[in-house]
Amino acid sequence: MELVVRKNDLLRELQLFQGIVERKNTIPILANVLIEANGNEVRMLATDLEVALRSKCQASVAKSGSLTLPAKKLYEIIKALPETDVRIEEDKNGVKVAADRFDSRMQTLPREDFPTLPDATGKSRAALPRNALKEMVAKTQFAITGEDTRYFLNGAKFVLKPDSITLVATDGHRLALVEVAHKVGVTEELGVILPKKTLLELGKLLMDGDGDVMFESGENHLFFEVGDRMLISRMIDGQFPAYERVIPKGNDKHIDFERERLTNAVKRVALLSNERSRAVKFDIAKGKVDVTSSSSEFGEAREEIPVDFTGAPLTISFNAQYVLDFLNVVETDTVQLSLKDEVSQAVMKPVGAQGYDYTYVIMPMRI
Amino acid sequence: MNGLRRIVHIDMDAFYASVEQRDRPDLRGQPVVVGGSPEQRGVVAAASYEARTFGVHSAMPMSRAVRLCPSLIIVRPDFQKYRAVSQQIFEIFRSVTPLVEGLSLDEAYLDVTENAWGATLGTDVARRLKAEIRAATSLTASAGVAPNKFLAKIASGWQKPDGLTVIPPEKVESFLQRLPVDALWGVGPVTTRKLRARGIERLVDVRAADLGVLRETVGSLADWLQQLARGEDDRPVVPDHDAKSSGSENTFARDLTDIHEMRNEVSEMARDAARWLVRHERYARTVTIKVRYYDFTTITRSHSDEPTRDEDAIVARAIALLDRTDANTRAVRLLGVSVHNLVTELIELPEPQPKLPFDEAGPKGPALHL
């Protein structure tokens, strides 16, 4: 194999592979990216067996072929090179990566060791609006548990209906749900669980560019085609919890907050919250909410927020991080907190959000 | 250690409830419980003696407690306060001996074989401890004095409140003769029923029981139970900071490739860990497994949840963790199981961050279906 590729073209793609390849990998070949040169392009593939990414960029190929190289090292080298052409060439002694006056020889692993990944069939595809999908991922992915033995909580539920798309994530203490009305082009409802890593990497792919995302559900895998790139993900087996049950319908106390003001107050007050519980208390009274915290170690803090509220006083406590996670991904000027009482699930929503419906449910703390 | 030990077990009387009654005169003489509200599925963390006459006891669901005693006064727990009082009490303990093993905020073992007061009788130490606790906190404690931990603990529960029961070595045998088998911790109502069905009513009946039959009934605790039935318990009083975790690991003579075999190994080790918890009167929040693959790469996986020392629960957690590794595709040379984040009682602190109620029917009737 022999090819010449522009540094920046290759770097842009290799960067996207860095999240796919696992740092603590136990199977050596999975640290490598598979590089296939053919025609006037070079195709790349990397996987951790849960998520895989295929991508490609333009190249002038002198001799077609394929080989594997360590994804991290290759990325570091390409990144360190000046803006110029990079030559990758395989000879009987190994793989040469060269540019300008730089010359290197890299260890390779047999191409045959690289796992075979399923291909999309191209049939029964659904077109998903890119921006909406981006919003959905950003507004839910933080709520997924990292390490839970309830394996299905390590992912987000993705539901396609003929006229809507839904993404839901929960760690058992709070739940984030985004629903977008859209004619998806599926005739039957489809519900799958996406691994956390898939969402994270999908989020990165959606960062720039435009055009719909083409989605396809295979037997055990899901395919997201984003421009020239294809993200392949394993589905998580298991029953996602019946999330509809924990979304309260009867919360009759509503308080609107200026988002910025609430965010700043919670951030400041949380600095003196108990380090383990991170609890902040909302003392809700006529015309104002006092956000307070106290920790036996550090002291206590309070910030008053004027609000339009006339109901009976109520005190409710939350993990500050859960509240901030929501506030950090919302753009509207106003957010609404809806409550039933001190101990039942609270709901937070952006007010006046365009194009999506976002519901965030938090279980209050017992303080 | 040479000769006989003198172990004191001190247990505060209805601790949380007594602290509340001490600080709020209006609660004195009233049936008081400390705990969560009945609407929130709260449990009784402590019940005053007045409440106990209605049959209310700790760990009981609050909703049931209220049914038993409609005039019950429920006080929300103030653990900061209890912890402060507990510190006072433990300072008194540690002024007598460094060998203090706290079981909870209000309960501890002390090895007073040698003690700072120069007392030769455990009884004298216990009496003085009780007096100092009362002077410093206005609270009463019950004490048990015996040559080992298990007897000391049973003794402290013998006369409550404000009791002092001594089992000198020469009285051990006659004391044992009187003990029903369910006087032991680790022997719950289910086990008791099973033991009774096999003619084992008293602890001493365990001595004569066939070990095979006993194993069938109480599993791995059989040997331990037989030791106790002979009045033998050589567990040392371990100062608190020593026991933070327990576990075992096993390097295999040949690498394991069969996942079923690995699961068996992991369950055995998990059972060992559970037995250790029973013997040390602790519960574990966290179960950790360690897997070393054939190529020496080593990983650990942990899971934290409600504290438990139930063998099956710990086995289930360990197996679930194993299934999250590559053990079914890669040969394994070492497996290990350990338990961490130990607590000494189940109703210590209500979890400050409750879970979303996925498992219940919705608040407004049956769940919606998509």
Side-chain angles (χ1 to χ4, degrees), chain A residues 24-28 30 49 143 145 147-151 153-154 157 159 161 164 166 168 170-175 189 191 239-251 274 276-279 294-296 317-319 321-322 340-346 361-367, chain B residues 35-37 39-42 76-81 83-84 286-289 291-305 316-327 329-330 349-370:
Chain A
K24 288 183 289 181
N25 211 315
T26 47
I27 305 174
L30 297 183
L49 297 181
T145 334
E147 293 249 313
D148 200 299
T149 44
R150 290 164 297 171
Y151 191 49
L153 283 189
N154 294 325
K157 174 112 181 184
V159 184
K161 286 192 261 187
S164 72
T166 307
V168 194
T170 180
D171 62 3
H173 299 301
R174 37 70 185 272
L175 174 144
E189 182 180 325
Q239 192 72 39
F240 198 77
Y243 60 89
E244 306 88 349
R245 289 185 186 183
V246 300
I247 301 173
K249 301 281 183 281
N251 285 9
N274 177 299
R276 207 173 134 247
S277 75
R278 295 276 275 139
S294 76
S295 104
S296 51
S317 299
F318 298 112
N319 179 321
Q321 193 54 52
Y322 292 175
K340 176 166 168 263
D341 52 38
E342 298 172 359
V343 296
S344 307
Q345 301 95 294
V361 182
I362 316 184
M363 200 66 196
M365 299 184 79
R366 300 183 187 129
I367 296 297
Chain B
S37 82
E39 292 83 26
Q40 282 177 64
R41 298 184 299 156
R76 284 294 201 93
D78 179 350
F79 285 98
Q80 230 159 3
K81 183 160 74 180
R83 234 176 257 125
T286 307
V287 177
T288 300
I289 68 154
V291 178
R292 179 168 295 149
Y293 298 113
Y294 67 95
D295 60 357
F296 281 89
T297 48
T298 307
I299 56 148
T300 59
R301 292 282 180 274
S302 288
H303 173 62
S304 296
D305 207 323
R317 289 191 199 178
I319 297 281
L321 288 168
L322 178 70
D323 289 346
R324 278 173 50 203
T325 67
D326 297 333
T329 53
R330 312 182 66 201
L349 277 175
E351 190 55 44
Q353 175 64 64
K355 292 186 169 140
L356 290 165
F358 283 112
D359 305 327
E360 297 163 38
K364 300 272 176 228
L368 295 170
H369 288 285
L370 283 177

Considering residues at least two apart in sequence or located in another chain, which fulfil the ring-ring contact (aromatic ring centres under 6.0 Å, His included) criterion with A:Phe318?
A:Phe282
Which atoms of B:Asp326 come close to chain A, meaning under 4.5 Å heavy atom to heavy atom: side chain ones, backbone ones, both, or neither?
side chain
What part of A:Leu49 gets closer than 4.5 Å to chain B, counting heavy atoms only: side chain, backbone, both or neither?
neither
Compare every heavy atom of B:Leu356 with every heavy atom of A:Gln345, then report the nearest pair and how far apart it is.
CG-CD2, 3.7 Å
Exercise: identify the closest heavy-atom pair between A:Ala242 and B:Phe358
O-CD2, 3.9 Å
Given heavy-atom pairs under 4.5 angstrom as the criterion, report whether the side chain, backbone, both or neither of A:Ser344 touches chain B.
neither
Taking only residues two or more places apart in sequence or in another chain, which ones pass salt bridge (charged side-chain N to carboxylate O under 4.0 Å, His left out) with B:Asp295?
B:Arg330
For the candidates A:Val361, A:Thr170, A:Asn319, which exhibits the highest count of non-hydrogen atom pairs separated by less than 4.5 Å from chain B?
A:Thr170
Which heavy atom in A:His173 sits nearest to a heavy atom in B:Lys355, and how many Å separate them?
CE1-CG, 3.7 Å
